[in-house]
Peer 1: 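The structure under discussion is supplied below as structure tokens; questions concerning it will follow.
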Amino acid sequence: MASEITLYLPSEIGHLVLEFQPKAQKISSLSINKRAPVKLCKTNSDQQKTNRVLQQLTDYFSSAVSLKTIPVALVGTVFQKSVWKELRKIPLGETRTYGEIAKKLNSSPRAVGNACRKNPVPIIVPCHRVVSANGIGGFAGKTKGREINIKRWLLNHEGV
């Protein structure tokens, strides 16, 4: 899906790259970059269309508020979408295990982990709130390094 608008937002965990579907109705992708992008916004009018999302994310990073009301355009399989729907139900400040989500969906923890890895909008669809039965689990397909540090930061920020 081609994006009509791409915006960038600096945060405590890196520079967020936000892509919105055509007409800027819903966010379709969020990635976390180490470095600041060269271009901050396509146009001022685009920024006005997405100001609410930027404000909600800014509020989240300053005081850990819920992001449940941010509209998302999720592209994935039926199973992935069912996992992502469950993730959005996890309250701020709480976690679930891969196994708990798998049990709700009559699936396996590994399948849930794979769906989390494919999450196009981390933080907004809070895959960081899913942990393993024996520890923190993974984040963005990694089990150590920068990604796990980001997951730890997010969980700590939310009071977990």
Side-chain angles (χ1 to χ4, degrees), residues 3 6-20 26-38 40-41 47 50-76 79-105 107-160:
S3 296
T6 302
L7 298 177
Y8 305 92
L9 180 70
S11 77
E12 288 76 1
I13 60 171
H15 296 274
L16 306 182
V17 180
L18 307 154
E19 294 183 1
F20 293 81
K26 297 179 181 180
I27 187 167
S28 59
S29 173
L30 184 153
S31 57
I32 306 164
N33 288 350
K34 291 180 186 179
R35 296 186 180 91
V38 175
L40 292 181
C41 180
Q47 192 171 17
T50 57
N51 193 40
R52 182 169 179 238
V53 171
L54 292 176
Q55 187 59 56
Q56 285 180 285
L57 284 165
T58 300
D59 292 347
Y60 170 82
F61 282 103
S62 65
S63 62
V65 297
S66 175
L67 299 173
K68 284 185 180 184
T69 61
I70 292 179
V72 293
L74 300 174
V75 176
F79 177 74
Q80 289 169 338
K81 288 178 182 180
S82 69
V83 170
W84 301 334
K85 183 178 179 181
E86 285 300 315
L87 300 184
R88 287 200 95 179
K89 294 177 185 177
I90 303 171
L92 191 72
E94 294 184 20
T95 62
R96 301 290 182 269
T97 66
Y98 297 101
E100 288 171 327
I101 294 171
K103 188 173 182 179
K104 278 187 163 189
L105 299 175
S107 185
S108 72
R110 184 176 300 251
V112 170
N114 286 335
C116 288
R117 181 180 303 123
K118 299 287 187 180
N119 177 6
V121 287
I123 305 168
I124 297 169
V125 173
C127 54
H128 61 279
R129 295 183 192 150
V130 184
V131 296
S132 75
N134 301 318
I136 195 162
F139 187 68
K142 307 286 190 214
T143 56
K144 59 184 176 180
R146 177 176 176 266
E147 289 78 9
I148 292 301
N149 290 336
I150 290 170
K151 183 173 183 168
R152 282 190 180 104
W153 189 93
L154 292 168
L155 291 172
N156 185 55
H157 180 64
E158 293 180 0
V160 175

Peer 1: Charged N to carboxylate O under 4.0 angstrom, Lys103 versus Glu100?
Peer 2: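 No, this pair does not count.
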Peer 1: Do Leu7 and Phe20 come within less than 4.5 Å of each other through their side chains, counting heavy atoms only?
Peer 2: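 Side chain of Leu7 against side chain of Phe20, heavy atoms only: contact under 4.5 Å found.
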Peer 1: Does any part of the side chain of Val83, heavy atoms only, come nearer than 4.5 Å to the side chain of Tyr98, both counted from C-beta?
Peer 2: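 The answer is no; the side chains never approach within 4.5 Å.
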Peer 1: What pairs of residues pass the ring-ring contact (aromatic ring centres under 6.0 Å, His included) test when at least one of them lies in residues 131-156, not counting sequence neighbours?
Peer 2: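 Listed once each, the pairs are Phe61-Trp153, Trp153-His157.
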Peer 1: Between Arg88 (side chain only) and Lys68 (backbone N and O only), is there a donor and an acceptor less than 3.5 Å apart?
Peer 2: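 Yes; at least one donor-acceptor contact below 3.5 Å.
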Peer 1: Please tabulate, for side-chain N and O atoms in residues 117-127, each donor-acceptor pair with protein atoms closer than 3.5 Å (sequence neighbours left out).
Peer 2:
residue, atom, partner, partner atom, Å
Arg117, NH1, Asn114, OD1, 2.6
Asn119, OD1, Val121, N, 2.9
Asn119, ND2, Val125, O, 2.7

Peer 1: What pair of heavy atoms forms the shortest contact from Ala115 to Trp84, and how long is it?
Peer 2: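 What the structure gives for the nearest pair is O-NE1, 2.9 Å.
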Peer 1: Once side-chain hydrogen bond (donor to acceptor under 3.5 Å, both in side chains) is applied, do any residues pair with Thr69, and if so which ones, sequence neighbours excluded?
Peer 2: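 For Thr69, the residues satisfying side-chain hydrogen bond (donor to acceptor under 3.5 Å, both in side chains) (neighbours in sequence not counted) are Gln56.
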Peer 1: Taking all heavy atoms of Tyr60 and all of Leu67, pick out the closest pair and write down the distance.
Peer 2: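 Minimum heavy-atom contact is CB-CD2, 3.8 Å.
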Peer 1: Closest heavy-atom contact between Ala102 and Ser108?
Peer 2: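 For Ala102 and Ser108, the tightest heavy-atom pair comes out as CB-C, 3.4 Å.
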Peer 1: Side chains of Arg96 and Pro91: does their closest heavy-atom pair fall under 4.5 Å?
Peer 2: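 Side-chain contact under 4.5 Å: yes.
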Peer 1: For Ile13 and Arg146, work out which heavy atoms get closest and say how close.
Peer 2: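 That closest heavy-atom pairing would be O-NH2, 3.8 Å.
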Peer 1: How far apart are the closest heavy atoms of Ala64 and Leu92, and which atoms are they?
Peer 2: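 Answer, listing the atom of Ala64 first, then Leu92: O-CD2, 2.6 Å.
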Peer 1: For Gln55 and Asp59, what are the C-alpha separation, side-chain angles and deciding distance, and is it a side-chain hydrogen bond (donor to acceptor under 3.5 Å, both in side chains)?
Peer 2: CA-CA 6 Å; Gln55 187 59 56; Asp59 292 347; 2.7 Å; yes
Peer 1: Between Lys151 (side chain) and Ile136 (backbone), is there a donor-acceptor pair under 3.5 Å?
Peer 2: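 Side chain of Lys151 to backbone of Ile136: a pair is present.
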Peer 1: Measuring from Asn156:CG to Asn149:CG, what's the distance to the nearest 0.5 Å?
Peer 2: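 So the gap between those two atoms works out to 12.0 Å.
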Peer 1: Do Lys142 and Lys144 have side chains that approach each other closer than 4.5 Å (heavy atoms only, starting at C-beta)?
Peer 2: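 In short, these two side chains do not touch, never coming nearer than 4.5 Å.
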Peer 1: Determine whether a donor-acceptor pair (N or O, by modelled atom type, separation under 3.5 Å) exists between the side chain of Thr143 and the backbone of Gly138.
Peer 2: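 Absent.
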Peer 1: Kindly indicate whether the side chain of His15, heavy atoms from C-beta on, has any atom under 4.5 Å from the side chain of Ile32.
Peer 2: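 No - every pair of side-chain heavy atoms lies 4.5 Å or more apart.
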Peer 1: Take His128 and Glu158 through the side chain to side chain contact (heavy atoms under 4.5 Å, CB included) test and state the conclusion after the steps.
Peer 2: CA-CA 11 Å; His128 61 279; Glu158 293 180 0; 2.8 Å; yes
Peer 1: One pair to check against side chain to side chain contact (heavy atoms under 4.5 Å, CB included): Leu9 and Thr58. What are the steps and the verdict?
Peer 2: CA-CA 8 Å; Leu9 180 70; Thr58 300; 3.8 Å; yes
Peer 1: Taking all non-hydrogen atoms of both residues into account, name the closest pair between Glu86 and Ile101 and its distance.
Peer 2: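 Heavy-atom minimum between the residues: CB-CG2, 4.2 Å.
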Peer 1: Going by side-chain contact (heavy atoms from CB on, under 4.5 Å), Arg129 matches just one of Val160, Leu87, Ile90. Which one?
Peer 2: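 The side-chain contact (heavy atoms from CB on, under 4.5 Å) with Arg129 is passed solely by Ile90 among Val160, Leu87, Ile90.
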Peer 1: Please round to the nearest 0.5 Å and tell me the distance separating atom NZ of Lys26 and atom CD1 of Ile70.
Peer 2: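 Atom-to-atom, Lys26:NZ and Ile70:CD1 are 13.5 Å apart.
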